[in-house]
Amino acid sequence: MRDYYIAGNWKMHKTRSEAAELAGALAAQLKDGKHKYLVAPSFTSLETVGAIIKGTNIRLGAQDVACEEQGAHTGEVSVLQLKDLGVRTVILGHSERRHIYKEDDELINKKVKLALKHGFEVILCVGELLEEREAGKAEAVCETQTAKGLAGVALEDLDRVVIAYEPVWAIGTGKTATPEDADAVHAFIRKVIARLYGQAAAEQIVIQYGGSVKPENAAQLMAKENIDGALVGGAALKAETFVPIAKFG
Ligand code: PGA
């Protein structure tokens with residue numbers, strides 16, 4: 001049985017005091033939550049938020065990490081620095097990293113392997129653009145991003161990998177994939193994992209859905225067989241909207 005995993009990606013929002021306020025509210029209101037939870041604030045708020053959620057049922061995540069351990073990489077943040085702050089999870093290959101900052105599958109794969117080597121859990125994001133969906137290429141895009149993102153990742157490390165299916169056309173647009181459409185892609189991604197790692201691994205891997213998840217649609221999405229959680233953007237910025245998603249059903 002897979003556990004539901006609800007993650008909040010705060011993107012480039014919130015000062016430290018705003019982040020502290022939200023983290024405090026979530027720590028209090030999710031205390032009795034039954035699922036696995038994560039918040040991923042900006043790098044600048046990691047230490048502040050980490051101190052507030054320490055010892056709670058909410059994990060600390062970062063939104064990205066550099067592909068090298070350390071060195072002359074102006075503007076980047078390394079796995080060693082994240083580990084030092086108590087970060088346990090990194091989100092990699094988010095569509096904003098892929099499409100705005102032109103990260104390709106090779107770079108993302110380097111980051112995935114480095115993060116796993118350092119003991120992190122990785123949330124690997126995959127998902128098609130609207131034109132790719134309209135051209136009937138949604139599955140092919142997800143297959144390529146999954147297989148290339150995980151290239152060289154050993155089966156024994158796969159239990160620290162979560163996939164987030166985030167159709168790019170649904171991110172921040174208010175348009176959600178229907179639970180049926182999302183579930184179909186999730187089932188397909190599970191098949192890709194079965195081909196790469198075997199059936200048992202495919203049954204165990206957690207696949208989150210992301211893209212305009214809200215309190216109103218969370219329960220219908222989570223009810224689907226292959227949807228094991230959510231990666232939430234806009235609705236993760238307020239306790240009033242994140243808590244009902246986190247406690248769906
Ligand atoms: P959204 O973002 O919930 O605002 O659509 C999801 C994400 O990008 O992870």
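Each ligand, and each atom within it, is numbered from 1 in the order the structure gives. The first residue in the sequence is number 1, and the count goes up from there.
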Would you say H94 contacts ligand 1, with heavy atoms under 4.0 Å as the rule?
yes
When you measure from the side chain of T89 to the backbone N and O of G61, does any donor-acceptor pair fall under 3.5 Å?
no
Please work out whether any backbone atom (N, CA, C, O) or any side-chain heavy atom from C-beta onward of A170 is under 4.0 Å from ligand 1, and answer side chain, backbone, both or neither.
backbone
So do E96 and K11 actually touch side chain to side chain, heavy atoms under 4.5 Å?
yes
Between D228 and R190, is there a side-chain N and carboxylate O pair less than 4.0 Å apart?
yes
For the residue pair Y5 and Y37, is the inter-centroid distance of their aromatic rings smaller than 6.0 Å?
no
Test: side chain to side chain donor-acceptor pair (under 3.5 Å). Region: residues 73-88. Which pairs qualify, not counting sequence neighbours?
K83-H118
Considering only heavy atoms of N9, which atoms of ligand 1 have at least one such atom less than 4.0 Å away?
9 (O)
Below 3.5 angstrom, do we get any N/O pair linking K11 and ligand 1?
yes
Closest approach of any protein heavy atom to atom 7 (C) of ligand 1, naming residue and atom
E166 OE2, 3.1 Å
What residue pairs, at least two apart or across chains, pass side chain to side chain donor-acceptor pair (under 3.5 Å) with a residue in residues 131-140?
E128-R133, R133-Y165
Where the side chain of N57 meets the backbone of L30, is there a donor-acceptor pair that is under 3.5 Å apart?
yes
Which is closest to atom 5 (O) of ligand 1 in terms of heavy atoms, G233, G172, A40?
G172
Under 4.0 angstrom from ligand 1, any heavy atom of G210?
no
Look only at interatomic distance and state if G234 has a nitrogen or oxygen under 3.5 Å from any nitrogen or oxygen of ligand 1.
yes
Compute the shortest N/O to N/O distance between A235 and ligand 1 and return yes if it is under 3.5 Å, no if not.
no
